[in-house]
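In the text below, chain A, chain B and the rest are named by the order of the sequence lines, each starting its count at 1. Quick caveat: nothing in here was measured; it's all calculated off a predicted structure.
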Amino acid sequence: MAEDNFFERVYEVVRLIPPGRVTSYGAIASYLGTKGSSRIVGYAMGAAGSATPPVPAHRVVNRQGLLTGKFHFPTFQLMEEMLASEGIEVEDNKIKNFKEKFWDPAVELSID
DNA sequence: ATAATGACATACA
DNA sequence: ATGTATGCCATTA
């Protein structure tokens with residue numbers, strides 16, 4: 001597969017995101033250890049479209065809770081639609097109550 | 001191996 | 001607060 005260890009890591013974390021929650025590229029990158037590679041996470045997301053199984057990329061947004069990647073979806077409204085289906089409210093391409101919906105793998109997966 | 005790109009993040013004006 | 005500039009690190013050409 002074209003997905004190397006790094007991409008696989010990203011996919012794994014994104015797939016671990018519970019429904020109704022969202023996370024940021026930086027948070028994932030930080031969890032992976034490459035804190036500064038927030039862009040790489042987004043880059044991996046680009047490959048996520050070719051990843052198997054598909055990852056819920058719609059649950060991954062930037063630090064502002066902005067749906068920056070919606071334009072990369074098959075249909076840009078799909079992302080909002082899915083998030084809305086998850087119970088996440090989106091306004092002006094931004095997630096409302098983002099702070100409440102925020103899911104940090106470095107914390108949630110480190111409960112123990 | 002070097003240069004350019006990228007679904008970001010942070011700093012500075 | 002908004003806009004521009006630079007840094008980060010992996011992938012691709």
### Task
Kindly determine whether A/Ile40 and A/Thr34 satisfy side-chain contact (heavy atoms from CB on, under 4.5 Å), including the steps that lead there.
CA-CA 9 Å; A/Ile40 314 304; A/Thr34 50; over 6 Å; no

#### Entry: Short side-chain to backbone donor-acceptor contact, A/Asp92 and A/Lys94, under 3.5 Å
no

## Note on the structure
Closest heavy-atom pair, A/Leu32 versus A/Phe6, reported as atoms and distance to 0.1 Å, is CD1-CE2, 4.1 Å

### Task
Return the value, rounded to whole Å, for the distance between atom CZ of A/Phe6 and atom P of C/dT12.
13 Å

### Message
Expressed as a whole number of angstroms, how long is the span from A/Ile40:CD1 to C/dC9:C1'?
### Response
4 Å

### Summary
Tightest non-hydrogen contact, residues A/Pro74 and A/Leu78, listed as CG-CD2, 4.1 Å

### Message
Suppose we screen for side chain to side chain contact (heavy atoms under 4.5 Å, CB included). Which residues come up paired with A/Ser30, at least two apart in sequence or across chains?
### Response
A/Lys35

Would you tabulate the pairs of protein nitrogen or oxygen atoms and nucleotide nitrogen or oxygen atoms of nucleotides 1-5 of chain B closer than 3.5 angstrom?
none

### Pairwise ring-ring contact (aromatic ring centres under 6.0 Å, His included) hits with a residue in residues 48-103 of chain A, at least two apart
A/Phe98-A/Phe102

### Summary
In whole angstroms, the gap separating P of C/dT2 from CG of A/Asp92 amounts to 11 Å

### Query
Shortest non-hydrogen contact from A/Ala48 to A/Tyr11?
N-OH, 3.5 Å

### Query
Would you say the side-chain atoms of A/Arg15 pair up with the backbone N or O of A/Val10, donor to acceptor, closer than 3.5 Å?
no

### Message
Heavy atoms within less than 4.0 Å of DNA chain B: which residues of residues 74-85 of chain A have one? Give them sorted by number.
### Response
none

### Message
Distance check needed: C/dC9 C1' versus A/Asn5 CG, whole Å only.
### Response
15 Å

### Query
Taking it one step at a time, do A/Leu66 and A/Val61 satisfy side-chain contact (heavy atoms from CB on, under 4.5 Å)?
CA-CA 6 Å; A/Leu66 191 68; A/Val61 295; over 6 Å; no

### Task
Give A/Phe71 one of three labels, base, sugar-phosphate or nothing, depending on what nucleic acid heavy atoms sit under 4.0 Å from its own.
nothing

## Note on the structure
Nearest heavy-atom contact between A/Ser24 and A/Arg63 is OG-NH1, 3.6 Å

### Smallest separation among heavy atoms of A/Gly69 and A/Tyr25, with atom names
N-OH, 4.5 Å

#### Entry: A/Lys70/A/Glu80 under side-chain contact (heavy atoms from CB on, under 4.5 Å): CA gap, chis, key distance, verdict
CA-CA 8 Å; A/Lys70 66 180 268 178; A/Glu80 296 180 36; 2.5 Å; yes

### Task
Would you kindly give the CZ-to-C1' distance between A/Arg9 and C/dA10, to the nearest whole Å?
16 Å

### Message
Students often get this wrong, so: under 4.0 angstrom with heavy atoms, is A/Ala57 touching a base, only sugar-phosphate, or nothing?
### Response
base

### Task
Mind calculating the distance between CZ (A/Phe7) and C1' (C/dA10) to the nearest angstrom?
7 Å

### Task
Quick one, give me the B/S/- string for nucleotides 8-13 of chain B, reading 5' to 3', where B means a protein heavy atom under 4.0 Å from the base and S means that only happens at the primed atoms, P, OP1 or OP2.
BS----

### Query
Which pair of heavy atoms, one from A/Ala57 and one from A/Val14, lies closest together, and at what distance?
N-CG1, 4.3 Å

### Message
Under 3.5 Å for both pairing distances: what stems, at least three Watson-Crick or G-U pairs long, include DNA chain B?
### Response
B:2-6 with C:9-13, B:8-13 with C:2-7

